[in-house]
Amino acid sequence: SRRDGENNIKSFEESSRPQILYNIEIEKALVTALNQEELTLVYQPKIDLKQNRLEGVEALLRWQHPQIGTIAPSDFIPIAENTGLIHSIGHWVIREGCRTWVRWQRTGIRPFTLSLNVSPLQFAREDFVDTLQSILLETGMDPMFLELEVTESSMLSYEASTREKLTQLHQLGILISLDDFGTGHSSFSQLRELPVQVLKIDRSFIVNLFTDRNQEAIVRSMIQLGHNLGMKVLMEGVETSAQLEWLLKESCDYVQGYYFSRPLSETDVPFHVKETTTY
Ligand code: C2E
Ligand code: CA
Ligand code: CA
Ligand code: CA
């Protein structure tokens, strides 16, 4: 009835009020976090299954709040995107990631790829490529070892300028991977036209690999689609040896997940790079 509807609206407003206050608090605390160096990056290995070795690492953002402790990116990235703070945070991530890569290289280990996540809002900025280039110059990061993880929504919303940016990045020698593949709406023809080198299948697809009967067929076609388009395919969220065996059988190129390694601190990464026979 009409009355019920009014009651629902009222209770919705009441219940959402604390959440709004909470978001404002987080926004204020995030500004402090940027200034007080409470943000850090951790690095999760990516394994090349054909060469049986670490191919690179993906930088993942963490917020070490002095009172609350570690806060996951899913709890603050959406707020940063809504408030525009994502631009300063995204800039910090690229700079810190590149500086760290250069520090690793100075230890004398073999070079490996650094992958950085880029928010759709950050990627949509007109000056994205220029800003990135100035960070490369400033830090000494070799673009041949840089990979940007861009989501389907970023690639498809701003068609013409997106393709131009991706082409510019590609010409700089930067790898582009399509993150969270399968969760968006890209069509075969759109995928074919984009200069993307790696398809990164979202973790949600491996969770039910052996419990849902259609799932194996779905993931198998995603791997084949990537290969037919001349791309490499990475499966994220690999947690068991059974999943690994299945991916080897299906010729998946790269894997990432807790089965191999959780995200590591900067200082732990070089030890994993040196071990070539662990996987
Ligand atoms: P994503 O890019 O899809 O990253 C994969 C997420 O899965 C990471 O969570 C990672 O820690 C987690 N993960 C990796 N292997 C496993 C596994 O075997 N099992 C399970 N259950 N989880 C696994 P995390 O670090 O909490 O990041 C969540 C999301 O936050 C990322 O999803 C990414 O979209 C975003 N994010 C992280 N760092 C950044 C950043 O620097 N910039 C931007 N814009 N977004 C970021
Ligand atoms: Ca990612
Ligand atoms: Ca994902
Ligand atoms: Ca993602």
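In this text, all values refer to a predicted model and were calculated from it rather than measured experimentally. Every number for a ligand or one of its atoms is a count from 1 in the order of the listing. Residue numbers count from 1 along this sequence.
- Among the atoms of Asp179, an N, O or S atom falls under 3.0 Å from the Ca ion (ligand 2).
- A salt bridge links Arg220 with Glu250: the closest approach of a Lys/Arg side-chain nitrogen to an acidic carboxylate oxygen falls below 4.0 angstrom.
- Tyr43 and Ser265 share no side-chain donor-acceptor pair at under 3.5 Å.
- Residue contacts with ligand 1 for Ile77 involve side-chain atoms from C-beta outward but no N, CA, C or O (heavy atoms, distance under 4.0 Å).
- What you find for Ile206 and Gly237 is that their closest heavy atoms are CG2-O, 3.5 Å.
- With sequence neighbours excluded, the residues forming a salt bridge (Lys or Arg N to Asp or Glu O under 4.0 Å) with Glu96 are Arg103, listed by chain and number.
- Of all the heavy atoms of Gln122, none lies under 4.0 Å from any atom of ligand 1, so neither backbone nor side chain is involved.
- In this model, a donor atom of one side chain and an acceptor atom of the other lie less than 3.5 Å apart for Glu81 and Ser119.
- Heavy-atom distances between Gly90 and ligand 1 stay at or above 4.0 Å for every pair.
- At least one N or O atom of Asn117, backbone or side chain, sits closer than 3.5 Å to an N or O atom of ligand 1.
- The N/O atoms of Gln256, backbone and side chain alike, include none that comes under 3.5 Å of an N/O atom in ligand 1.
- Only the side chain of Asp180 comes within contact range of ligand 1, with a heavy atom under 4.0 Å; no backbone atom does.
- Surrounding NE2 of His227 are more than 12 heavy atoms belonging to other residues, nucleotides or ligands, all under 6.0 Å away.
- Residue Gly237 has at least one heavy-atom neighbour below 4.0 Å for each of these atoms of ligand 1: 16 (C), 17 (C), 18 (O).
- Counting only heavy atoms from C-beta outward, the side chains of Met235 and Met222 never approach each other to under 4.5 Å.
- Backbone and side-chain nitrogen or oxygen atoms of Ile86 are examined, and none is located within less than 3.5 angstrom of a nitrogen or oxygen of ligand 1.
- When the N, O or S atoms of Asp180 are ranked by distance to the Ca ion (ligand 3), OD1 comes first.
- With distances taken over non-hydrogen atoms, the option nearest atom 44 (N) of ligand 1 out of Pro73, Ser261, Ser119 is Ser119.
- Listed by atom number, the atoms of ligand 1 under 4.0 Å from Glu239 heavy atoms are 17 (C), 18 (O), 19 (N), 20 (C), 21 (N).
- Remark: Glu58 does not engage Lys46 in a salt bridge, criterion side-chain N to carboxylate O under 4.0 Å.
- The proximity of Gln44 to ligand 1, defined as any non-hydrogen pair under 4.0 Å, is limited to the side chain.
- Here the side chain of Glu27 pairs no donor or acceptor atom with the backbone of Ile24 at under 3.5 angstrom.
- Using a 4.0 Å cut-off to heavy atoms of Gly257, the atoms of ligand 1 that qualify are 15 (N), 18 (O).
- The aromatic rings of Trp104 and Phe112 sit tilted relative to each other, their planes meeting at an angle between 30° and 60°.
- Under 3.0 Å from the Ca ion (ligand 2) lies no N/O/S atom of Ser177, from backbone or side chain alike.
- Ligand 1 has no N or O atom lying under 3.5 Å from any N or O atom of Ser74, backbone or side chain.
- By the 4.0 Å heavy-atom criterion, Glu58 is counted among the residues contacting ligand 1.
- Here is the list of ligand 1 atoms found below 4.0 Å of a heavy atom in Asp179: 2 (O).
- Judged by the 6.0 Å and 45° rule, Arg125 forms no cation-pi pair with Phe128.
- Vertex the Ca ion (ligand 3), arms ending at OD1 of Asp202 and OE2 of Glu236: the angle is 90° after rounding to 10 degrees.
- Vertex the Ca ion (ligand 2), arms ending at OE1 of Glu149 and OE2 of Glu58: the angle is 80° after rounding to 10 degrees.
- In Val93, the part holding a heavy atom less than 4.0 Å from any atom of ligand 1 is the side chain.
- A salt bridge does not link Glu38 with Arg62: every distance from a Lys NZ or Arg NE/NH1/NH2 to an Asp or Glu carboxylate oxygen is 4.0 Å or more.
- Under a 4.0 angstrom heavy-atom cut-off, Arg62 registers as being in contact with ligand 1.
- Contacts of Asn82 classified as side chain to side chain contact (heavy atoms under 4.5 Å, CB included), with partners at least two apart in sequence or in another chain: none.
- Taking both residues in full, the closest heavy atoms of Cys98 and Leu114 are given as N-CD2, 3.9 Å, listed atom of the first, atom of the second, then distance.
- Close N/O approach between Arg203 and ligand 1 is found [any backbone or side-chain N/O within under 3.5 Å].
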